[in-house]
Amino acid sequence: MKRTLHEAWGLRRVWWFTATARTKARFVRTVLGSFWLGLSNLFSIAVLASVYRYVFKVENFSEYVVLLGLGLVIWNSISAAVTGAPNLFEYNQSHVHNTNLNPIFYSLEEWAFQMQTFVQSFLMVVVALSYFQQTLLLHLLVSGWLPILNLFLFLFWFPLLVCLLGAHFRDLYQLVPIVMQLVFLLSPILYKKENLGPSVWIANFNPFYRVLSPIRHTLMTGELQWGVGLILLLVNAFGVWYSVRRLNHDRANLPFLI
């Protein structure tokens with residue numbers, strides 16, 4: 001474990017650079033470049049907010065659009081990281097077969113790519129939503145660090161476990177996108193948690209919502225939930241430890257699995 005983390009830290013400039021290069025290559029020959037990351041989220045938020053305002057007659061539209069916008073941009077990052085995880089090693093198959101590089105490099109590169117994507121889109125969405133709630137940026141700077149740290153840790157270890165399972169079971173390539181769509185509909189993102197009624201336990205046992213909710217709550221209210229945040233931090237620390245341990249266990253067999 002110590003050696004693996006030491007190798008990961010020693011290669012930090014490499015996997016961060018390759019992740020940045022992927023982000024730049026993604027928008028090559030576009031006028032707006034990486035601004036499309038935030039704009040695509042803003043377009044989705046605008047359309048959904050309009051539907052709920054004029055079709056479903058949602059009350060307190062200003063509060064709802066902030067609730068929807070924050071939830072959607074965070075969910076999109078979680079969904080992208082988890083959905084792309086099962087074939088991560090398959091995507092880097094030639095490198096895994098022909099180099100002796102520690103496989104944690106590929107998971108860290110993907111993690112850095114997802115973090116860069118999230119930060120660029122999230123900041124643009126928060127700035128835009130500040131039109132409806134002026135305190136969002138202040139709450140982000142003062143109290144948002146702990147729930148966002150938990151999100152970043154979760155985006156590393158959970159996709160890594162899905163990635164390792166995907167190397168063993170190819171069915172996950174087809175199953176994960178379906179499960180993520182169902183979980184999205186069951187998660188209080190387009191609606192408030194209270195709207196679930198007696199089925200509110202679904203949200204309480206939803207790991208994605210448990211990571212998403214503290215960020216949205218802190219930015220909207222300015223209240224940092226220390227108890228929830230510290231418990232999530234402990235869970236994430238265990239998740240990082242366990243996922244890296246599983247990666248070390250499967251490292252020798254990984255070239256044969258893919």
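In what follows, every heavy atom counts, from backbone to side chain, and hydrogens, waters and symmetry copies are set aside. The first residue in the sequence is number 1, and the count goes up from there.
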inquiry  = If you apply the rule salt bridge (Lys or Arg N to Asp or Glu O under 4.0 Å), what do you find for E63 with K192, and how did you get there?
reply    = CA-CA 11 Å; E63 178 184 347; K192 293 184 178 181; 3.3 Å; yes
task = For side chain to side chain contact (heavy atoms under 4.5 Å, CB included), just list the numbers for L224 and W145, CA-CA rounded to whole Å, side-chain angles, deciding distance to a tenth of an Å, and then say yes or no.
result = CA-CA 9 Å; L224 180 55; W145 61 273; 4.2 Å; yes
ask   = Under the side-chain hydrogen bond (donor to acceptor under 3.5 Å, both in side chains) criterion, do E110 and Q114 qualify, and how do the steps go?
value = CA-CA 6 Å; E110 181 67 20; Q114 296 296 342; 2.8 Å; yes
task = Begin from the C-alpha positions of K2 and H6 and carry the test side chain to side chain contact (heavy atoms under 4.5 Å, CB included) through to its verdict.
result = CA-CA 6 Å; K2 183 178 180 180; H6 184 266; 5.6 Å; no
request  = Quick one: do R245 and H249 satisfy side chain to side chain contact (heavy atoms under 4.5 Å, CB included)? Show the steps, please.
outcome  = CA-CA 6 Å; R245 186 170 181 268; H249 180 269; 5.9 Å; no
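Residues V73 and V126 are not in side-chain contact: their nearest non-hydrogen atoms beyond the backbone lie 4.5 Å or more apart. Taking the side chain as every heavy atom from C-beta outward, S243 and F156 approach each other to under 4.5 Å. You'll find the side chain of I45 reaches within 4.5 Å of the side chain of V125, heavy atoms only. A heavy-atom distance below 4.5 Å is not found between the side chains of N150 and P214. In this structure, F132 and F61 have side chains that are in contact, with non-hydrogen atoms separated by less than 4.5 Å. Proximity of L146 to W226: side-chain heavy atoms (C-beta onward) are separated by under 4.5 Å at one or more points. Contact annotation: the side chain of S44 approaches that of L72 to within less than 4.5 Å [non-hydrogen atoms, C-beta and beyond]. Within the 4.5 Å cutoff, side-chain heavy atoms of I78 are placed close to those of L151.
Distance alone, capped at 3.5 Å, places no donor-acceptor pair between the N236 side chain and the L153 backbone. Side-chain N or O atoms of R22 include none that pairs as donor or acceptor with a backbone N or O of F113 at under 3.5 Å. Side-chain N or O atoms of N41 include none that pairs as donor or acceptor with a backbone N or O of S121 at under 3.5 Å.
Of all heavy-atom pairs between Q133 and M220, the closest is NE2-O, 2.8 Å. In this structure, R210 and L232 approach most closely via the heavy-atom pair O-CD1, 3.5 Å. Across all non-hydrogen atoms, the minimal contact from G71 to L212 is O-CD1, 3.4 Å. Considering all non-hydrogen atoms of both residues, F152 and W111 come closest at O-NE1, 2.8 Å. Among all heavy-atom pairs drawn from L161 and R246, the shortest one is CD2-CG, 4.3 Å. The two residues P177 and T83 come nearest to each other via the heavy atoms CG-CG2, 4.0 Å.
Under the 3.5 Å distance criterion, with hydrogens and angles disregarded, a donor-acceptor pair is assigned to the side chains of Q116 and T20.
Atom CZ of R12 is surrounded by more than 12 heavy atoms from other residues, nucleotides or ligands within 6.0 Å. Heavy atoms from other residues, nucleotides or ligands lying under 6.0 Å from NZ of K24 number 12 at most. Annotation: F17, atom CZ; neighbour count of heavy atoms from other residues, nucleotides and ligands within 6.0 Å does not exceed 12. Other residues, nucleotides and ligands contribute more than 12 heavy atoms inside 6.0 Å of the CD atom of Q134.
Every residue meeting the side chain to side chain contact (heavy atoms under 4.5 Å, CB included) condition with V183, not counting sequence neighbours, appears here in chain and number order: W75, V179, S187, N206, F208.
With hydrophobic clusters built from ILVMFWY side chains whose heavy atoms lie under 4.5 angstrom apart, L138 does not share a cluster with F122. No chain of hydrophobic side-chain contacts below 4.5 Å, direct or via other Ile, Leu, Val, Met, Phe, Trp or Tyr residues, connects L101 to W9. At a threshold of 4.5 Å between side-chain heavy atoms, the hydrophobic network of Ile, Leu, Val, Met, Phe, Trp and Tyr places F158 and I189 in one connected group. Cluster annotation: M124 and F118 are assigned to the same hydrophobic cluster (Ile/Leu/Val/Met/Phe/Trp/Tyr, side-chain heavy-atom contacts under 4.5 Å, transitive). Cluster annotation: V162 is not connected to L182 through the hydrophobic network of ILVMFWY side chains, with a link wherever side-chain heavy atoms come within less than 4.5 Å.
Classification of the W241-F238 ring pair by plane angle, with boundaries at 30° and 60°, yields tilted.
With side-chain heavy atoms closer than 4.5 Å counting as contact, directly or through intermediates, L234 stands alone and belongs to no larger hydrophobic cluster.
Summarising the geometry, atom NE2 belonging to H168 is positioned 3.5 Å from atom CG belonging to D250; distances are rounded to the nearest 0.5 Å.
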